[in-house]
There are 2 protein chains.
Amino acid sequence: MSTQFDHASINKKANVYFDGKCISYNITFPDQTRKTVGVIMPGTLNFGTDVPEVMEIVDGKCRVRIGSDGEWKNCSGGQQFKVPAKSSFEIEVQETVHYVCHFNNQ
Amino acid sequence: MSTQFDHASINKKANVYFDGKCISYNITFPDQTRKTVGVIMPGTLNFGTDVPEVMEIVDGKCRVRIGSDGEWKNCSGGQQFKVPAKSSFEIEVQETVHYVCHFNNQ
């Protein structure tokens, strides 16, 4: 797993969710794919999805539940989880999570 | 003022300061210059500097005091302030600040 993205464009303004409990930055690539890099501080948050997402956990520890009736699964640095389009996931962060969100499985 | 950086490399792991009150990402460019993009949530924080820094406020509202005896000055989106090397600044954020930190006046 590479530690950085190269040849990317990054917004100077962040996305701020839940009063700063989650901060992310939009990144786009020459082939027009879009990702975000972000941080989620300890606590439990719920996110909705529009398109399919792959959440790559770069560092940290959490539990994740996909959709309204999914089972809680542990997830930590080096692992990832998939969320379908038009769905949601609940994330309980135990150790600050650094993540990359890949949209449309790209 | 452009809204994004292009042709950049971005660390996937953020810098987290003061329990997440300030989050930033390291960005490097083909000419090896380095900047950070970051967010500071409402509150008052104190930062030390190693090399000279130019803090470009992308959005938000704050007051800034440079060094231990500087005067408080208002600073908001579109403005910037300079901090010498081996110094410090205190920042009182009123509205979430999105910033770019330029090192060594580059």
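Owing to the predicted nature of the structure, the values given are computational and were not obtained by experimental measurement. First the proteins, then the strands, lettered A, B, ... as listed; each starts at 1.
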| said: Can a donor-acceptor pair be found, under 3.5 Å and without considering hydrogens, that links the side chain of A/Lys21 to the backbone of A/Pro42? | reply: yes
| Quick one: what part of A/Asn26 sits under 4.5 Å from any heavy atom of chain B, side chain, backbone, both or neither? | neither
| message | Between A/Val39 and chain B, with a heavy-atom cut-off of 4.5 Å, which part of the residue counts as in contact: side chain, backbone, both or neither? | response | both
| Partner chain A: residue of B/Ile23, B/Ile27, B/Thr28, B/Thr96 with the largest heavy-atom pair count (under 4.5 Å) | B/Ile23
| Among A/Asn11, A/Asp19, A/Ile10, which residue forms the greatest number of heavy-atom pairs with chain B at distances under 4.5 Å? | A/Ile10
| task | Let me know if A/Val16 has heavy atoms under 4.5 Å from chain B in its side chain, its backbone, both or neither. | result | side chain
| query | B/Phe81 ring centre to B/Lys73 NZ or CZ under 6.0 Å, with the angle to the axis within 45°? | reply | no
| remark: Honestly, the part of A/Tyr25 sitting under 4.5 Å from a heavy atom of chain B is side chain
| query | Roughly how far apart are A/His98 NE2 and A/Asp59 CG, rounded to 0.5 Å? | reply | 5.5 Å
| Is there a donor in the side chain of A/Lys35 and an acceptor in the side chain of A/His102, or the other way round, less than 3.5 Å apart? | yes
| What is the ring orientation for A/Phe5 with A/Phe29, classed by angle as parallel under 30°, tilted 30 to 60°, or perpendicular over 60°? | perpendicular
